[in-house]
Structures are given as C-alpha cells and as structure tokens.
Amino acid sequence: TEIEEIVLGALDSVHSEHLIERTFTVRDETLEIAVGPSENVKINLGDYNRIFVLAFGKSAAYMSKAVEGKLGEKVNNGWCITKKGFGTTLSRICLLEGSHPLLDVENVSHTKTIVASIKELQLTKDDLFIVLISGGGSALFELPADGISLDDLRSVTRHLLRCGAPIDDINCVRKELSQVKGGKLAQLLCPARVEALIISDVVGDRLDLIASGPLIQNLTNARDALSVLEKHQLLDKVPSNVLQQLKSLSSPPSEGIFQDVQAKILASIGTCISTMERLCQNIGLETLVLTTSLEGEARECAKFLASVVKEVVGKDRPAKKPCALLLGGETTVTVKGNGKGGRNSEFALSLFRSLLPLAGKCHLDFACIATDGDDGETQSGGIIVHDQEFRQIASKENILIDINRSLENNDSFSWFLQQGIKPFQCETKTNVMDFVIVVSYTHLRAHETGRNLVCRLLLEKKK
C-alpha cells in the first residue's frame with residue numbers, strides 16, 4: 001500500500017550498508033567520504049602504515065561489511081560489536097555479538113578484549129582508525145569503571161529505562177560509570193588519526209550523546225549524573241557504590257587528545273523525514289513536517305498529534321487534504337503495567353483512541369515505526385493502521401473501554417494483535433530513532449495513487 005511504500009522508502013534512505021556504499025569512494029590511495037551535500041573528507045591512505053576499523057551499535061555489522069568492500073586488504077584488522085541477530089559475514093573485521101538494550105556479560109567481555117587488543121597495538125600518528133558508531137552503541141560497547149560491576153550498570157540502566165528517562169539522561173549517567181564513554185575511547189586511540197562516521201539515534205544529533213560520546217569531549221560531569229538520578233527519584237534505588245563513584249569526581253580526558261579526532265554524521269532521523277517528504281510530495285500530497293525532535297511520553301505526544309489531525313480533517317489547516325503529517329524523534333514510556341508493548345505501539349494505540357471520533361469521516365492511514373525494526377520487547381518494528389481497519393475496529397462495541405484497559409496495562413502490542421492488525425516487520429539494518437506518518441485523504445484520492453507510487457519508487461531506484 002501507499003503508506004507502506006513510503007515507510008520502506010524512508011528506511012532504505014538510512015540503510016547502513018547503503019550509506020557507506022554511497023558515501024565512500026576509493027581512488028588509488030585516496031579515500032573520499034561524502035558526509036554532506038558540500039562537505040567531503042579526503043584521506044591519503046598512503047600516509048598511514050596501518051588501518052584499523054572499530055564498529056559498535058545496531059548498524060555496526062553492515063557498516064563494517066561496506067567498509068571492507070571499499071577498502072579490502074587495506075584494512076589491517078578490526079572489531080565489530082552488534083546486537084545478536086544483527087550480524088553478517090565479515091572477512092577482515094572480527095564480528096562480536098552482544099545484548100541490547102540491557103548490558104550483558106558478553107558486551108563487557110567483548111569490550112574488554114577490544115580495549116586490551118588496542119593497547120597492544122602501540123598506536124602512533126602513522127595509524128588510522130575508522131570508527132563506525134550507530135544507535136545501541138552505549139549498551140554494546142561498554143567497560144565499567146573500576147569499582148563498578150556489571151550488575152551495578154544493569155541496575156542503573158534498568159531503573160532509568162523503567163522510569164521513562166530520556167536517552168540523554170541515561171547517557172549522562174553511563175559516561176561517568178564507564179572506561180570508554182565520554183571521550184575515553186579517544187584517549188585510548190591517541191595518538192592515531194581517528195575518522196568517526198556516525199548514524200545518529202539521538203534527538204538533535206549531539207555528538208556527545210550518541211553512544212554516550214566515546215570520542216567526544218564530555219560536556220557533563222558526575223554532578224550532572226547525580227542530578228539526573230535525583231530528578232528521577234532514583235538516589236535510594238541505585239547501588240550504593242554507584243553513588244560513591246559519582247561523588248568521587250574523576251578527571252575527564254584532556255582536550256589535547258581530541259585534536260586528531262574527526263566525527264561526522266552520515267544519517268539521522270532528518271534523513272528519513274526528508275525522504276518521506278519527497279515521496280509524499282511526488283504523489284501530490286501536501287506535506288507538513290511537524291518536528292524531527294519529538295520527545296516526551298508516547299501517549300501524550302500522540303494526543304497532540306491527534307489534535308493536529310482533527311484540525312486538518314475539520315478545517316484544512318495547518319495543511320489541506322490530501323496531506324501527510326510527519327514527525328521524527330524518540331518518545332518514552334513510563335511502565336506501570338505488565339503488558340507487552342513498545343514506544344511505537346503505545347503511541348499508535350493512544351493515537352488510535354484519540355482519532356476515534358474521525359472514523360469514517362475521512363480516509364486516515366497512519367504508521368508509527370522504529371527505524372531499527374525493534375520496538376521494545378515486541379519483536380516488531382512498529383504498527384501500520386489502514387483506514388479500513390481503523391473504521392472496522394472503531395465501530396466495535398465498548399472499544400474505548402478496551403483501549404483504555406490496554407493502555408493502563410501498557411499492553412498496546414497485544415491489543416493490536418487481538419484486533420487482527422499485523423505488526424510491521426522489516427530488517428532495517430539501521431537505527432535513527434522513530435518516525436510517525438499520518439496520511440489524510442478524501443476517499444477517492446486514497447484509491448488512485450498506490451500503483452503510481454510503486455512505479456515511481458522503482459524508477460527512482462533504477463536511477
């Protein structure tokens with residue numbers, strides 16, 4: 001269907017392997033990386049005695065595969081840590097798999113091995129490190145600070161996730177409890193030249209927050225981490241030695257170690273939204289990007305979006321039908337029940353509830369998608385609801401009571417399954433947070449464009 005093709009087009013635009021293939025060019029001894037419309041990085045590979053690759057995050061394996069394809073035997077050695085099930089075959093880079101979002105003993109063991117291997121290299125200025133960072137890197141690449149155990153880190157992360165803390169708060173605390181975050185990886189790689197290529201999964205694309213800023217000078221400190229725990233009322237819940245670690249203020253890496261580190265963002269949620277905007281406009285939809293910085297409680301954000309949809313349907317403002325409303329970012333869910341769901345399924349169910357008065361008045365399709373194909377513990381990539389399903393379910397007796405009960409129990413994913421709505425499944429090979437698209441048509445318009453869009457996407461892919 002139309003909305004599914006738009007979703008797939010958006011995901012393809014941030015496919016990790018394709019990103020490297022599009023941006024990397026090797027001619028003789030020169031590596032050119034196109035990191036933006038008017039920004040290229042040129043590296044004379046002949047200037048370096050050794051080239052290493054380090055990759056971590058959910059997209060790490062496919063980014064590594066693409067780099068191997070471009071550089072071939074020029075890569076002396078490398079390491080890649082990704083989430084279990086997110087790997088692929090690599091030839092010159094060692095593939096390691098760990099758990100996400102919570103830490104596992106494997107994650108720490110893999111990171112410890114990599115850190116020890118890097119120390120043995122005795123790096124010099126004649127070495128080049130290509131570092132590939134993507135969403136999930138904070139959990140996958142981790143070595144606890146001295147005096148902090150794996151169970152301590154698990155406990156802190158679990159408490160922060162369950163209370164609905166945003167990712168920047170979580171990373172602020174993680175940095176102070178780690179030997180590799182908050183610029184400490186840069187300290188380990190010094191004095192080698194470091195070129196870091198990043199797929200952002202953080203609102204605002206702040207380099208110091210993505211994967212907890214392992215190569216970036218830390219802009220927060222232990223006092224800030226304590227403030228985060230206090231804000232979320234966790235001071236009496238986290239392990240006591242965590243508090244002791246945060247109160248013994250350690251010195252951050254010196255500024256000088258960052259002078260040979262370059263970090264560039266290859267893609268972000270903005271890439272997805274721009275692609276959807278173009279695809280929607282290509283089929284004649286007026287398109288309104290509401291935000292690429294969406295944050296907040298999922299169900300509350302959905303209520304706001306529903307209010308905009310109602311304005312469109314009733315008054316043709318701030319956009320006229322047929323139109324598409326686009327949002328990107330990362331919401332949170334404060335877990336109070338014991339049901340099954342994720343950020344996107346909860347957003348979708350809250351949106352469904354708020355849009356019930358519009359059922360049958362206008363054709364509405366909507367999708368709430370996790371770009372990593374991993375919406376919480378649902379083993380799905382989110383939810384797509386088509387107008388026919390929306391109208392049929394909305395007409396059921398006591399449907400509002402049923403929805404309220406499911407939201408109260410954080411059981412949004414189970415609710416959609418019970419209604420016969422299949423979850424969205426796709427191996428995305430990327431992670432740039434989440435996006436939401438709502439498409440509003442007249443009924444006739446909704447049946448005129450599907451085949452045209454599919455043909456147009458195929459033609460664009462050939463180009």
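Position 1 is the first residue of the sequence; numbering continues from there.
Side-chain contact check for Thr82 versus Leu95: some heavy-atom pair is nearer than 4.5 Å. A 4.5 Å side-chain heavy-atom check between Thr428 and His15 finds every atom pair outside the cut-off. Counting only heavy atoms from C-beta outward, the side chains of Leu96 and Thr111 never approach each other to under 4.5 Å. Side-chain contact between Phe129 and Leu121 is present, with at least one heavy-atom pair separated by less than 4.5 Å. Side-chain contact between Leu197 and Ile133 is absent, with no heavy atoms from C-beta onward closer than 4.5 Å. In this structure, the side chains of Phe86 and Thr88 stay at 4.5 Å or more apart for every pair of heavy atoms. Side-chain contact check for Met433 versus Val203: some heavy-atom pair is nearer than 4.5 Å. At least one side-chain heavy atom of Leu243 sits under 4.5 Å from a side-chain heavy atom of Leu235.
For the pair Glu195 and Arg193, the tightest heavy-atom approach, listed with the atom from each and the gap, is OE2-NH2, 2.7 Å. Listed here is the closest heavy atom pair of Asp375 and Asn344: OD1-N, 3.0 Å. Contact between Glu295 and Cys301 at its shortest, heavy atoms only, is O-SG, 3.3 Å. Here the closest non-hydrogen pair linking Asp434 and Ile269 is O-CD1, 3.3 Å. Across Phe413 and Gly341, no two heavy atoms sit closer than the pair CB-CA, 3.8 Å. The heavy-atom pair separating Ile437 from Cys280 by the smallest distance is CD1-SG, 4.0 Å.
Rounded to the nearest 0.5 angstrom, Leu8 CG and Leu279 CG are separated by 10.5 Å. One finds the CD1 atom of Ile114 at 9.0 Å from the CZ atom of Phe56 (value rounded to the nearest 0.5 Å). In this structure, the separation between CZ on Phe304 and CG on Leu327 is 8.0 Å, given to the nearest 0.5 Å. Separating the NZ atom in Lys70 from the CD1 atom in Ile20 is a distance of 9.5 Å, to the nearest 0.5 Å. Rounding to the nearest 0.5 angstrom, the gap separating the SG atom in Cys426 from the CG atom in Asp372 is 11.0 Å. Rounded to the nearest 0.5 angstrom, Asp201 CG and Asn431 CG are separated by 5.0 Å.
Within 6.0 Å of NZ in Lys231 there are more than 12 heavy atoms belonging to other residues, nucleotides or ligands. Annotation: Glu300, atom CD; neighbour count of heavy atoms from other residues, nucleotides and ligands within 6.0 Å is above 12. In the displayed structure, Lys112 atom NZ is contacted under 6.0 Å by at most 12 heavy atoms of other residues, nucleotides or ligands. Within a 6.0 Å radius of CZ in Phe258, more than 12 heavy atoms belonging to other residues, nucleotides or ligands are found. Within a 6.0 Å radius of CD in Gln122, other residues, nucleotides and ligands contribute 12 heavy atoms or fewer. More than 12 heavy atoms of other residues, nucleotides or ligands lie within 6.0 Å of CD in Gln281, so this atom counts as buried by the packing criterion. Heavy atoms from other residues, nucleotides or ligands lying under 6.0 Å from CZ of Arg162 number 12 at most.
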With side-chain contact (heavy atoms from CB on, under 4.5 Å) as the test, would you mind laying out the steps for Leu226 and Lys247 before giving the verdict? CA-CA 8 Å; Leu226 284 168; Lys247 289 175 182 177; 4.0 Å; yes

Does the side-chain contact (heavy atoms from CB on, under 4.5 Å) test come out yes or no for Gln179 and Gln187, once each step is laid out? CA-CA 10 Å; Gln179 294 186 46; Gln187 191 171 29; over 6 Å; no

Show the numbers, then the answer: is there a salt bridge (Lys or Arg N to Asp or Glu O under 4.0 Å) between Arg343 and Glu330? CA-CA 8 Å; Arg343 294 188 302 263; Glu330 188 167 282; 3.5 Å; yes

List the steps and the verdict of side-chain contact (heavy atoms from CB on, under 4.5 Å) for Ile210 and Ile265. CA-CA 10 Å; Ile210 302 168; Ile265 290 178; 4.2 Å; yes

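Ser268 and Ser200 form no side-chain donor-acceptor contact under 3.5 Å, judged by distance and modelled atom types alone. For the residue pair Gln217/Asp208, the side-chain donor-acceptor check at 3.5 Å is not satisfied. Counting only N and O atoms by type, the side chains of Ser149 and Asp152 include a donor and acceptor under 3.5 Å apart. In this structure, a donor-acceptor pair under 3.5 Å is present between the side chains of Thr334 and Glu297.
Not one N or O on the side chain of Glu32 forms a donor-acceptor pair closer than 3.5 Å with the backbone of Thr30. At least one donor-acceptor pair closer than 3.5 Å links the side chain of Ser134 to the backbone N or O of Ser59. Judged purely by atom type and a 3.5 angstrom limit, Ser350 has no side-chain atom pairing as donor or acceptor with the backbone of Phe347. One N or O on the side chain of Asp411 and one on the backbone of Lys340 form a donor-acceptor pair closer than 3.5 Å. Under the 3.5 Å distance criterion, the side-chain polar atoms of Asn409 are matched with a main-chain donor or acceptor of Asn338. Distance alone, capped at 3.5 Å, is enough to place a donor-acceptor pair between the Ser227 side chain and the Arg223 backbone. Under the 3.5 Å distance criterion, the side-chain polar atoms of Thr113 are matched with a main-chain donor or acceptor of Ser109. The closest donor-acceptor contact from the side chain of Ser16 to the backbone of Thr430 lies at 3.5 Å or more, if one exists at all. Distance alone, capped at 3.5 Å, is enough to place a donor-acceptor pair between the Asn241 side chain and the Gly147 backbone. Not a single donor-acceptor pair under 3.5 Å links the side chain of Ser274 to the backbone N or O of Thr271.
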Would you list the atom pairs, donor with acceptor, under 3.5 Å between side chains in residues 61-68 and any protein atom, with sequence neighbours excluded?
unit_1: Ser64; atom_1: OG; unit_2: Ala60; atom_2: O; d: 2.8
unit_1: Glu68; atom_1: OE1; unit_2: Ser91; atom_2: N; d: 3.0
unit_1: Glu68; atom_1: OE1; unit_2: Ser91; atom_2: OG; d: 3.3
unit_1: Glu68; atom_1: OE2; unit_2: Ser91; atom_2: N; d: 3.1
unit_1: Glu68; atom_1: OE2; unit_2: Arg92; atom_2: N; d: 2.6
unit_1: Glu68; atom_1: OE2; unit_2: Ile93; atom_2: N; d: 2.8

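Screening residues 127-142 for salt bridge (Lys or Arg N to Asp or Glu O under 4.0 Å) gives Arg50-Asp127, Glu142-Lys181 as the qualifying pairs, with residues at least two apart or on separate chains. For residues 98-107, the set of pairs meeting the side-chain hydrogen bond (donor to acceptor under 3.5 Å, both in side chains) definition, not counting sequence neighbours, comprises Lys84-Glu106.
Evaluated for a side-chain contact (heavy atoms from CB on, under 4.5 Å) with Glu346, the options Thr332, Leu351, Val333, Thr331 yield exactly one hit, Val333. A side chain to side chain donor-acceptor pair (under 3.5 Å) with Lys175 is found for exactly one of Asp224, Asn221, Asn218, namely Asn218.
A salt bridge does not link Arg206 to Asp168: none of the charged nitrogens lies less than 4.0 Å from a carboxylate oxygen.
The aromatic rings of Phe390 and Phe366 sit perpendicular, their planes meeting at an angle over 60°, well past the 30° parallel limit. Ring geometry, Phe352 versus Phe416: the interplanar angle exceeds 60°, so the pair is classed perpendicular (tilted spans 30 to 60°).
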